[in-house]
J.: 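My questions all concern the structure below.
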Amino acid sequence: MGVSASEGPQIIGIIGTGNISAAYLKIARDLNLFRVKAVTDMDSARAAGVAAEYGVQAMTLEELLADPEIIAVVNLTPPGAHADVSLKALNAGKHVYSEKPLAVEREDGQKIMDLAAAKGLRVGCAPDTVLGAGIQTAREVIDAGRIGRPVAANAFMMGSGPESWHPNPDFFYQRGAGPLFDMGPYYLTALVTLLGGVQKVSATTTRAFEQRPITSQPRAGEFITVNTPTHVAANLTLDGGAVVTLVTSFDVPGSDVPRIEIHGTGGTLSVPDPNTFGGPLKLRLRGEKEWTDIPLTRPFADNARGIGLADMLAAAPGQPHRAGGDLALHVLDVMHTILESAEQERTLTPRTHAERPAPLDVQPAWLAATQPA
């Protein structure tokens with residue numbers, strides 16, 4: 001399956017014009033690899049405003065999917081709509097790049113991948129932060145053997161929940177959300193990128209409150225009924241035998257734990273926040289008493305959401321892209337397996353498997369080839 005069949009920037013459409021759409025519209029200008037022709041949104045006025053700001057067209061969903069110039073769409077709808085919109089786009093003959101997660105239910109994620117395979121189309125999915133300078137330099141350090149054989153890892157996403165800042169935080173506490181589905185894709189995608197796919201899962205979950213008060217405006221004083229675990233602790237066994245402790249929580253008032261640490265036979269690597277593209281990255285070898293700062297050797301240290309889409313659009317026929325649907329489906333599967341393990345109180349095996357995607361080149365050919373003269 002290939003995308004790039006002609007010279008010049010590939011033409012795409014964006015479905016959903018919330019805040020994240022700006023990142024894709026801006027990087028389209030910066031990379032000059034893909035060109036946004038049109039945007040659409042259920043809120044037509046918002047779509048029109050975004051279109052005017054960025055000099056693109058506002059269309060209905062039906063118009064966008066019927067446009068023969070648009071070869072791929074970016075699905076930025078709410079998670080509950082991801083599967084329906086992606087399936088519609090694939091049925092219209094468009095490649096799809098989705099924000100995370102790939103779908104809410106793993107069965108819907110599988111339907112997306114099966115339809116794409118049947119139609120010879122590509123599916124990509126965020127997060128592409130793992131293609132940024134921080135995670136890619138960490139991958140380089142691990143692959144060079146600087147920490148020896150990876151033995152274990154810790155990964156922590158600890159917070160007090162979004163109801164203090166998000167204007168409509170209800171969905172964060174429903175099925176398909178919570179700290180695991182909201183932020184887990186960043187951590188799990190980073191772990192698979194660095195160490196390999198997940199083979200076994202054992203987990204425990206809890207929730208601190210059955211109802212949570214909204215303190216943000218404009219709904220301060222309202223209460224949210226919590227319908228999903230808000231503190232999730234999992235042990236994961238990865239390819240190669242590394243054992244990972246993963247904790248995601250909306251129940252922690254404050255924390256100083258590291259985001260991700262990779263522990264090897266020869267040292268420990270402190271990995272930056274996987275929800276960012278840059279550093280800091282630190283290394284402490286066995287026997288040393290101090291951490292050493294590791295310079296970032298890869299591109300995209302700043303906010304570069306959209307590079308996963310760029311990599312997908314540039315992939316040659318038969319060449320896998322890095323922020324791929326298979327990886328996203330595995331992450332979705334692992335998240336469900338974590339919750340099922342906690343419910344069943346036993347160790348479970350995910351239904352899917354994913355290989356580590358290839359590292360991003362120091363100077364990707366598609367980046368060099370598409371920069372304005």
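Residues take their numbers from the sequence shown, with the count starting at 1.
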J.: Quick one: does T137's side chain have a donor or acceptor within less than 3.5 Å of a partner on A133's backbone?
T.: yes
J.: Taking S249 for its side chain and H231 for its backbone only, find out whether a donor-acceptor pair lies under 3.5 Å.
T.: no
J.: Between K37 and D67, is the closest basic N to carboxylate O distance under 4.0 Å?
T.: yes
J.: Should D182 and K100 count as an ion pair when the cut-off is N to O under 4.0 Å?
T.: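 Yes, charged N to carboxylate O under 4.0 Å.
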J.: Pick out which of T347, I338, L236 makes a side-chain contact (heavy atoms from CB on, under 4.5 Å) with S202.
T.: T347
J.: State, to 0.1 Å, how close S98 and S86 come at their nearest heavy-atom pair, and which atoms those are.
T.: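 Answer, listing the atom of S98 first, then S86: CB-OG, 4.3 Å.
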J.: Would a distance-only check, ignoring hydrogens and angles, find a side-chain to backbone donor-acceptor pair under 3.5 Å from H82 to P101?
T.: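 Looks like yes, one N/O pair under 3.5 Å.
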J.: Any donor and acceptor pair, going by atom type alone, linking the side chain of E288 with main-chain N or O of L285 inside 3.5 Å?
T.: yes
J.: Only one of T230, V232, T205, T228 clears side-chain contact (heavy atoms from CB on, under 4.5 Å) with L180; which?
T.: V232
J.: Does the S21 side chain pair with the main chain of G18, one donor and one acceptor, at a distance under 3.5 Å?
T.: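 Side chain of S21 to backbone of G18, a donor-acceptor pair under 3.5 Å: yes, one is there.
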J.: Is it true that E340 and R346 have a side-chain N and a carboxylate O under 4.0 angstrom from each other?
T.: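 Result for this pair is no, no salt bridge flagged.
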J.: Do D333 side-chain atoms and T352 backbone N/O form a donor-acceptor pair below 3.5 Å?
T.: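 Answer holds: yes.
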J.: Might you work through the salt bridge (Lys or Arg N to Asp or Glu O under 4.0 Å) test for R284 and E261, ending with a clear yes or no?
T.: CA-CA 11 Å; R284 183 170 172 178; E261 287 182 343; over 6 Å; no
J.: Would you say the side chains of Q211 and Y173 form a donor-acceptor pair under 3.5 Å?
T.: no
J.: Donor-acceptor pair, distance only, cut-off 3.5 Å: does the side chain of T268 make one with the backbone of H263?
T.: no
J.: Please write out which residues are connected to V252 in a hydrophobic cluster, directly or through intermediates, given that two of Ile, Leu, Val, Met, Phe, Trp, Tyr count as joined at side-chain heavy-atom separations below 4.5 angstrom.
T.: F156, M158, V247, V257
J.: Tell me every residue that passes side chain to side chain contact (heavy atoms under 4.5 Å, CB included) with T265, counting only those two or more places apart in sequence or in another chain.
T.: R149, V151
J.: Take Y97 and H321 through the ring pair (Phe, Tyr, Trp, His ring centres under 6.0 Å) test and state the conclusion after the steps.
T.: CA-CA 11 Å; Y97 187 89; H321 53 282; 8.1 Å; no
J.: Should R356 and D143 count as an ion pair when the cut-off is N to O under 4.0 Å?
T.: yes
J.: Do you know the tightest heavy-atom contact between R259 and P274?
T.: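 Taking every non-hydrogen atom into account, CB-CD, 4.3 Å.
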J.: Ion pair present between K111 and E105, side-chain N to carboxylate O less than 4.0 angstrom?
T.: no
J.: For R207 and V226, indicate whether the former's side chain and the latter's backbone hold a donor-acceptor pair under 3.5 Å.
T.: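 Yes; at least one donor-acceptor contact below 3.5 Å.
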J.: Would you tabulate the side-chain donor-acceptor contacts of residues 290-298 under 3.5 Å, counting partners in other chains and residues two or more places apart, or write 'none'?
T.:
residue, atom, partner, partner atom, Å
T297, OG1, E140, OE1, 2.6
R298, NH1, L360, O, 2.3
R298, NH2, E140, OE2, 3.2

J.: Just to verify, which of D43, I14, L25 counts as forming a side-chain contact (heavy atoms from CB on, under 4.5 Å) with V50?
T.: L25
J.: Taking the side chain from R139 and the backbone from T193, do they hold a donor-acceptor pair closer than 3.5 Å?
T.: yes
J.: Restricting to non-hydrogen atoms, name the atom on K94 and the atom on I70 that form the minimum distance, rounded to 0.1 Å.
T.: NZ-O, 2.6 Å
J.: Which pair of non-hydrogen atoms, one from M335 and one from P185, has the smallest distance, and what is that distance?
T.: SD-CD, 3.8 Å
J.: State, to 0.1 Å, how close D128 and G308 come at their nearest heavy-atom pair, and which atoms those are.
T.: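 Answer, listing the atom of D128 first, then G308: OD2-N, 2.8 Å.
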J.: Quick check: does any side chain N or O of R212 sit under 3.5 Å from a backbone N or O of F223, one acting as donor and the other as acceptor?
T.: no
